[in-house]
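Let me begin by presenting the structure, written as structure tokens, before commenting on it.
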Amino acid sequence: MTTSDIPDKMFPIGIQNFPEIIVEGYTYVDKTYFVGKLIKGGKYNFLSRPRRFGKSLLLSTIQTYFEGRRDLFKGLAIDNMDLDWTPRPIFYFDFNTGNYGHPDGLKNRLISLLNLYEKEYDVEVSMEEDTALRFENLIRQVYKKTGQQVVILVDEYDKPLLNLDENPEQFEKNQRMLKGFFSNLKSMDACIKFGMLTGVARFSKVSIFSDLNNLEDISMLNDYCAICGWTEEELVGNFRSGIQALADEREEDFDTTLRALRDYYDGYLFSGKGSRIYNPFSVLRALKGREIMPYWFETGTPTFLAKKIRKIGIDPESLNGQTQSYSNLIAVGVGTDNITPLMFQTGYLTIESYDSRRQRYTLRFPNREVEIGFAQNLLPLYAPSTDRPDSHFSIERFKDDLYDGDPNSFMKRLGSLIKDLPYEDHKESTYRAITYLLCLLSGTEAIPERHSYKGRSDLEALTPDYVYIFEFKYNKSVDEAMKQIYSQDYAGRYTMDSRKVYLIGANLNEDKEDRTLDYEIVELQ
């Protein structure tokens with residue numbers, strides 16, 4: 001099949017409206033089983049998922065169900081479920097738009113949404129009335145007028161709180177306003193049929209979670225792991241022709257292209273025993289554009305996360321492989337240096353494995369797209385000169401060194417780059433972090449702290465033709481670094497590997513007068 005044979009409607013990129021997808025004939029990956037399960041289950045639900053994972057489409061699907069539009073669900077899973085299709089009044093609070101850094105940004109958004117529904121249902125209010133009281137009045141009056149319990153859907157409830165790290169006063173103001181606005185839901189329980197809230201992060205001090213004690217957080221439940229995003233079975237079942245067209249463009253077979261998609265976009269795991277999930281936005285972009293690229297990062301880079309990691313001194317290498325308890329992952333604290341919950345909930349870390357006995361999750365970067373994209377944001381904060389394409393220190397120069405099997409040029413360039421750093425960055429963690437990030441961005445498989453049967457190497461970088469094993473020392477000696485590589489037998493795992501192996505022992509010597517990176521390279525045949 002040629003790409004020109006595939007209609008654009010196979011790829012509903014950016015379309016978050018369920019009726020439009022169905023009526024216009026776009027490809028829809030059926031998630032209505034989960035919608036029916038939610039409706040038959042708890043009354044109030046919360047779901048945290050990264051941006052561009054289909055939360056808005058999920059809410060649109062729920063909205064369409066409560067509008068009673070059963071004709072749009074013909075042939076889908078929910079059509080065979082025993083459900084009540086009675087139309088209900090629906091209040092849809094979409095916080096995707098709004099200037100929440102403005103002092104009155106959130107208040108203006110709430111007023112705008114309240115005005116819309118008060119007009120629709122002819123509810124009279126005093127314009128001076130508090131937004132929380134107006135919301136309570138709206139629910140009560142609409143229930144009385146229609147005789148039907150209302151449905152409340154909240155899209156991206158946390159948007160007024162994100163990206164306000166450097167504006168704590170506005171953060172506190174928005175948090176108090178959200179707390180006041182949603183605190184009335186509990187007292188209006190008899191008037192409410194169903195409530196669903198979505199967001200990227202679950203902030204620990206917003207009353208949605210403290211006051212609504214019957215709100216079920218489904219974010220990390222095994223049963224709802226695949227409610228947003230796609231499993232590999234769903235991807236292949238719905239987009240086989242698109243994958244084949246991409247394979248033809250890449251001049252490779254179907255399975256090879258699927259492995260490439262898996263490596264770049266799969267790997268998200270939102271519960272201990274659920275299915276691994278693909279990023280739907282990036283997959284659609286790759287299939288339609290016939291090129292595998294970091295599309296997710298193009299739509300909004302995690303600058304605030306990168307800056308915080310640099311500011312509080314977290315070693316980038318330590319992010320992969322850390323372990324956390326459930327309680328540490330479900331809520332994002334404010335004013336703390338524990339950035340892991342936010343990185344997990346925003347999709348920059350995911351679950352690698354779960355130890356049910358210890359109730360501990362091991363985390364890692366989900367895939368190459370996230371790993372490389374995050375490094376792209378982080379490296380310039382350590383080494384600004386790497387961000388200039390014409391620089392001797394550009395990523396492409398380092399990449400060529402590694403892929404051409406020239407570790408000597410790589411280390412000479414690295415030593416020169418380290419000399420270029422400001423004095424306050426004279427420390428071991430900085431040069432280790434820079435080396436790791438350079439290897440990541442060069443497209444190698446960069447593995448920090450890799451365990452062997454005797455110990456663990458500082459860093460291993462793998463290309464199709466070469467293996468680089470690094471051991472770093474600080475104000476010690478190159479001999480000590482090389483002795484450790486040999487004594488711990490870091491190269492033992494590569495004895496039968498066809499690739500050429502380089503052992504690299506490095507020592508950063510520095511004092512107030514000078515800074516030098518000494519190194520030794522041994523090539524194994």
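The structure displayed is predicted, hence computed values, not measured ones.
Ring pair Y264/W296: centre-to-centre distance not below 6.0 Å.
Ring-plane geometry between F53 and F270 is classed as perpendicular, the angle between the planes exceeding 60 degrees on a 0 to 90 degree scale with a lower cut at 30. Ring pair Y361/Y326 is tilted by interplanar angle, where 30° to 60° counts as tilted.
The residue from Y468, F398, Y519 that alone fulfils the ring-ring contact (aromatic ring centres under 6.0 Å, His included) condition with F410 is F398.
With E156 contributing its side chain and D94 its backbone, the two residues share no donor-acceptor pair below 3.5 Å. No donor-acceptor distance shorter than 3.5 angstrom exists from the side chain of D458 to the backbone of F470, with no hydrogens or angles considered. A distance-only check finds no donor-acceptor pair linking the side chain of Y295 to the backbone of I292 [under 3.5 Å]. A donor-acceptor pair is defined here as one N or O able to donate and one able to accept, closer than 3.5 Å; no such pair exists between the side chain of D158 and the backbone of G199. When atom types are taken as modelled, the side chain of N507 and the backbone of D518 share no donor-acceptor pair closer than 3.5 angstrom. Side-chain N or O atoms of T350 include one that pairs as donor or acceptor with a backbone N or O of L269 at under 3.5 Å. Proximity of a side-chain donor or acceptor of K55 to a complementary backbone N or O of R49 within less than 3.5 Å is detected. With hydrogens and angles ignored, the 3.5 Å screen pairs a side-chain donor or acceptor of Q170 with a backbone N or O of H102.
Salt bridge status for E371 with R368: present, with a side-chain N to carboxylate O gap under 4.0 Å. Ionic pairing of R450 and E445 is not present here: no N-O contact between side-chain nitrogen and carboxylate oxygen is shorter than 4.0 angstrom.
Looking only at atom types and distance, the side chain of S318 has no donor-acceptor partner in the side chain of D315 under 3.5 Å away. Counting only N and O atoms by type, the side chains of S477 and D479 include no donor and acceptor under 3.5 Å apart. Donor-acceptor pairing under 3.5 Å is recorded for the side chains of S56 and D155.
The side-chain hydrogen bond (donor to acceptor under 3.5 Å, both in side chains) test applied to K399 returns no partner, not counting sequence neighbours.
Between P366 and Y348, the shortest heavy-atom distance links the atoms CD-O, 3.6 Å.
Applying the side-chain hydrogen bond (donor to acceptor under 3.5 Å, both in side chains) definition to pairs two or more places apart or across chains, those involving residues 267-276 are N222-S271.
Distance check: R109 CZ to N96 CG gives 8.5 Å after rounding to the nearest 0.5 Å.
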Derivation of the side-chain hydrogen bond (donor to acceptor under 3.5 Å, both in side chains) call for R413 and S416: CA-CA 5 Å; R413 203 182 308 280; S416 182; over 6 Å; no
